[in-house]
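First the structure, in the form of structure tokens, and then the observations on it.
Counting starts at 1 for both ligands and their atoms, following the listed order. Excluded from the calculations below are hydrogen atoms, water molecules and symmetry mates; all remaining heavy atoms, backbone and side chain alike, are included. Keep in mind that this is a model prediction, so the values were computed, not measured.
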Amino acid sequence: MTQERLLEVKDLKVHFNTPDGIVRAVDGVSFKLDRGETLGIVGESGSGKSVTCLTSLRLTNLESADVSGEVIFKGRDLLKITKEELRQVRGKELSMIFQDPFACLHPLYKVGDQIAEAIFAHEDCSKQAAKKRVVDLLGAVGIPRPDSRYNDYPHQFSGGMRQRAMIAMALVHNPDVLIADEPTTALDVTVQAQILDLIERLKTDFNVGVILITHDLGVVADVAQTVMVMYAGRPVEIGTKDRVFSQPLHPYTWGLLESIPHVDQKGTRLVPIQGMPPSLIRVPPGCPFHPRCPHRFEPCDKDVPELYDRGGGHPDACHLSIEDKKRLWNERERRRRKVAS
Ligand SMILES: Nc1ncnc2c1ncn2[C@@H]1O[C@H](COP(=O)(O)OP(=O)(O)OP(=O)(O)O)[C@@H](O)[C@H]1O
Ligand SMILES: [Mg+2]
């Protein structure tokens with residue numbers, strides 16, 4: 001089956017000029033997204049996940065930032081098209097759902113009317129037709145009795161329902177790409193699982209490509225086909241979910257994997273990653289992860305490791321040889337299993 005490439009981000013850099021210095025929020029990010037694919041972008045707080053996606057949608061204030069690279073969406077570079085062309089694309093062909101749905105819904109307007117407004121932003125449509133579409137969408141995202149809930153105000157919706165309403169709003173124009181920025185962090189685990197299931201189902205029903213941003217590798221485990229792990233504004237590893245989970249290549253990914261609970265390994269000790277992510281104004285020389293890396297060796301504090309594919313379409317940015325990586329990861333796994341048994 002041939003894949004339809006929807007989005008290709010090439011060497012994206014976003015450097016903010018601040019009074020304290022230059023914040024290298026995104027420093028060379030490249031990835032691709034096909035229709036029907038879910039790409040999970042994972043990394044600790046401040047690793048540049050949101051800025052990558054916001055800049056791809058040109059939602060970053062370009063006056064305060066130096067932006068370079070390309071964001072090719074269906075053949076056009078979104079960083080170069082006119083504002084009018086951008087208006088046509090954003091919210092219509094490419095839409096985004098945010099972490100906190102309460103902040104995105106106006107408390108004094110009915111939820112249904114707010115979703116209908118998103119239709120009117122791009123289309124001439126009668127009020128009646130818009131209402132029907134909104135009710136259908138509210139039903140599609142799992143709001144019970146959607147015709148009567150249309151008239152509810154945001155405070156009458158639970159947190160999970162508000163997030164479902166935001167997802168409905170993002171889907172009003174049948175977009176090609178849906179970007180979900182931490183869509184479940186404000187929700188309890190049961191509702192979180194329901195929302196992730198919903199996003200996965202809608203991906204098929206609406207035939208979209210999904211970018212799911214999260215700081216939690218456990219969240220991408222069930223839904224993503226591809227995973228990009230970010231650290232200090234750069235991708236450190238990109239691969240299929242199966243490869244990243246079964247044979248992760250970067251010590252930072254190892255740390256992330258060891259700090260999430262594994263359902264199949266009860267009693268496993270969770271090991272937090274030592275230290276803190278660096279300030280993006282003063283990124284350490286060499287590999288930005290080296291001060292926290294238990295496997296650092298001679299070149300790590302001097303040379304920046306390039307993202308490099310040693311075969312298998314699973315590039316990573318680390319100086320260790322592939323043999324050392326396999327050995328070290330297997331040793332860490334053995335140690336972890338021993339603690340669990
Ligand atoms: N407008 C801005 N001006 C200056 N610095 C910024 C701006 N926006 C973001 N940053 C900085 O860029 C870095 C990356 O931020 P970003 O929001 O992308 O992180 P994140 O990975 O999404 O983190 P989180 O998981 O907390 O949402 C952070 O250090 C942040 O402080
Ligand atoms: Mg963020």
Walk me through whether R335 and E258 qualify under salt bridge (Lys or Arg N to Asp or Glu O under 4.0 Å).
CA-CA 11 Å; R335 258 201 316 275; E258 287 165 356; over 6 Å; no
Can you see whether H314 engages E237 through a side-chain donor-acceptor pair at a distance of less than 3.5 angstrom?
yes
Given the protein's heavy atoms, is any one of them under 4.0 Å from atom 22 (O) of ligand 1?
yes
Would you check if there is a donor-acceptor pair between the side chains of K203 and Q225 at a distance under 3.5 Å?
yes
Side-chain touch F157/R149, heavy atoms, less than 4.5 angstrom
yes
Tell me, please: is M230 in heavy-atom contact with ligand 1, that is, under 4.0 Å?
no
Can you report which non-hydrogen protein atom sits closest to atom 18 (O) of ligand 1, along with the distance?
V51 N, 2.9 Å
Is the backbone of Y109 close enough, under 3.5 Å, to the side chain of Q114 for a donor and an acceptor to pair up by distance?
yes
shortest atom 27 (O) of ligand 1-to-protein heavy-atom contact is with S50 OG, 3.9 Å
Could you check whether atom 30 (C) of ligand 1 has a protein contact, counting only heavy atoms that fall below 4.0 angstrom?
no
Distance check below 2.8 Å: does S50 bring an N, O or S atom to the Mg ion (ligand 2)?
yes
Contact (N/O only, under 3.5 Å) between F16 and ligand 1
no
